[in-house]
Amino acid sequence: MGLFSKIFRLKQSTHPYCAALVPAAGTSSRMGGDDKLFACLNGVPVLALTLQALDYCELIDEIVIATRQESILKISDLCREYEIKKAVKIVEGGATRVESVLCAAMNANQNAKILAVHDGARPLVQQDLMRRVITKAYECAAAAPAIPVKDTIKIANDGIVDQTPDRSMLYAVQTPQVFDASLLKAALQSVVEQNAEITDDCSAVERLGKKVYLVDGSYENIKITTPIDYAIAEKILDLRDGAV
């Protein structure tokens with residue numbers, strides 16, 4: 001059965017309840033302290049674009065946002081202004097990204113079978129990508145979009161190259177990263193309890209010995225991290241001419 005046949009059947013039936021978890025409690029340190037989530041791309045705040053994309057996805061049933069206490073009211077107003085129609089829950093995040101995602105996971109609907117973690121600062125995610133990764137997670141319990149690395153990567157110590165890994169095996173992983181709900185909660189709780197260092201939610205699941213399956217990501221699905229990313233993102237939006 002092809003992917004679109006699977007999606008059609010999921011849309012026609014009751015698909016597993018999926019909650020999108022949006023960590024949005026960062027300090028935007030690489031942006032000079034300005035909160036990148038409320039900066040605008042073509043007149044629309046970054047976080048609003050992200051929430052609209054999640055809102056449009058028919059395989060997502062609710063959105064849980066973990067943010068700083070002082071941003072809760074502002075995000076609530078944002079959801080109303082940009083007419084987010086899905087159920088939205090806004091909770092106070094933790095001191096780290098892992099703690100924020102875990103907080104969002106624990107506040108998701110108890111009937112949620114699937115949890116999709118998506119960066120608040122990744123506003124250009126498209127519908128086809130979300131459908132594909134969520135559908136893969138239905139099958140495999142853990143899935144994420146990824147793109148092949150285009151540059152040669154060096155591993156270095158004290159500024160001296162130690163080795164050059166095979167580029168054909170290297171991928172840049174994006175979000176949404178989608179998991180069986182029980183698996184993700186257990187993985188994040190283990191990270192917090194053991195004070196482990198991880199770089200993404202897939203890493204938390206990998207620590208438990210679980211396989212994470214990759215689907216094709218998109219070079220357009222960038223994360224707004226530095227000032228130059230705004231210019232790139234606005235150009236992508238201009239090229240799309242309003243398409244989602």
Kindly say whether [Y] contributes a backbone atom to a donor-acceptor pair with the side chain of [X] at under 3.5 angstrom?
X    : Y    : answer
D119 : R122 : no
K136 : V215 : no
R68  : G93  : no
Y230 : K36  : yes
E234 : N42  : yes
R132 : D216 : yes
D229 : T226 : yes
S100 : P23  : no
D55  : K85  : yes
T67  : A25  : no

In Å and rounded to the nearest 0.5 Å, what is the [atom1] to [atom2] distance from [X] to [Y]?
X    : Y    : atom1 : atom2 : value
E99  : E92  : CD    : CD    : 11.5 Å
T175 : H118 : OG1   : NE2   : 4.5 Å
E193 : L188 : CD    : CG    : 11.0 Å
I198 : S190 : CD1   : OG    : 9.5 Å
L73  : I90  : CG    : CD1   : 8.5 Å

Would [X] end up clustered with [Y] when hydrophobic side chains under 4.5 Å apart are linked, directly or stepwise?
X    : Y    : value
F38  : I224 : yes
V125 : I60  : yes
V117 : Y138 : no
V44  : L54  : yes
Y219 : I153 : no

Between [X] and [Y], is any pair of side-chain heavy atoms under 4.5 Å apart?
X    : Y    : result
L170 : P165 : yes
T96  : V192 : no
K86  : L51  : no
Q52  : I84  : yes
K89  : I65  : no
C140 : F179 : no
Q174 : K223 : no
L37  : P45  : no

List the steps, then state whether side chain to side chain contact (heavy atoms under 4.5 Å, CB included) holds for R131 with E58.
CA-CA 8 Å; R131 295 185 193 109; E58 71 276 11; 3.0 Å; yes

Could you tell me which non-hydrogen atom of [X] sits nearest to which non-hydrogen atom of [Y], and how far apart they are?
X    : Y    : answer
P145 : G217 : CB-CA, 3.8 Å
A137 : I114 : O-CD1, 4.3 Å
A204 : V191 : CB-CG2, 3.8 Å
A172 : V149 : N-CG2, 3.9 Å
V64  : A104 : CG1-O, 3.6 Å
L115 : A105 : CD1-CB, 3.9 Å

If you apply the rule salt bridge (Lys or Arg N to Asp or Glu O under 4.0 Å), what do you find for D238 with K235, and how did you get there?
CA-CA 5 Å; D238 290 341; K235 183 61 176 179; 5.6 Å; no

Residue pair M106, Q189: steps toward the side chain to side chain contact (heavy atoms under 4.5 Å, CB included) verdict:
CA-CA 10 Å; M106 300 308 292; Q189 287 171 335; 4.1 Å; yes

Distance-only side-chain donor-acceptor flag, [X] / [Y], under 3.5 Å:
X    : Y    : value
D200 : Q177 : yes
S203 : R207 : no
N109 : E62  : no
D61  : N111 : no

Only one of V22, L21, I134, V133 forms a side chain to side chain contact (heavy atoms under 4.5 Å, CB included) with P176, so which one is it?
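Answer after filtering V22, L21, I134, V133: V133.
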
D180 and side chain to side chain contact (heavy atoms under 4.5 Å, CB included): which partner among L183, V178, L184?
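Result for side chain to side chain contact (heavy atoms under 4.5 Å, CB included) with D180: L183.
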
As a quick check of understanding, evaluate side chain to side chain contact (heavy atoms under 4.5 Å, CB included) for Q126 and R240, giving each step before the final call.
CA-CA 11 Å; Q126 291 180 290; R240 288 182 184 177; 3.4 Å; yes

Heavy-atom count check: over 12 atoms from other residues, nucleotides or ligands less than 6.0 Å from [X] [atom1]?
X    : atom1 : result
Q110 : CD    : no
K185 : NZ    : yes
Q163 : CD    : yes

Is it true that R97 and D201 have a side-chain N and a carboxylate O under 4.0 angstrom from each other?
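Salt bridge between R97 and D201, a charged N being under 4.0 Å from a carboxylate O: yes.
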
Could D77 and K74 be called an ion pair, given the rule that one side-chain N must be under 4.0 Å from one carboxylate O?
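The answer is no: the pair does not qualify as a salt bridge.
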
Kindly indicate, with the supporting measurements, whether the criterion side chain to side chain contact (heavy atoms under 4.5 Å, CB included) is fulfilled by C202 and V212.
CA-CA 7 Å; C202 288; V212 176; 3.6 Å; yes

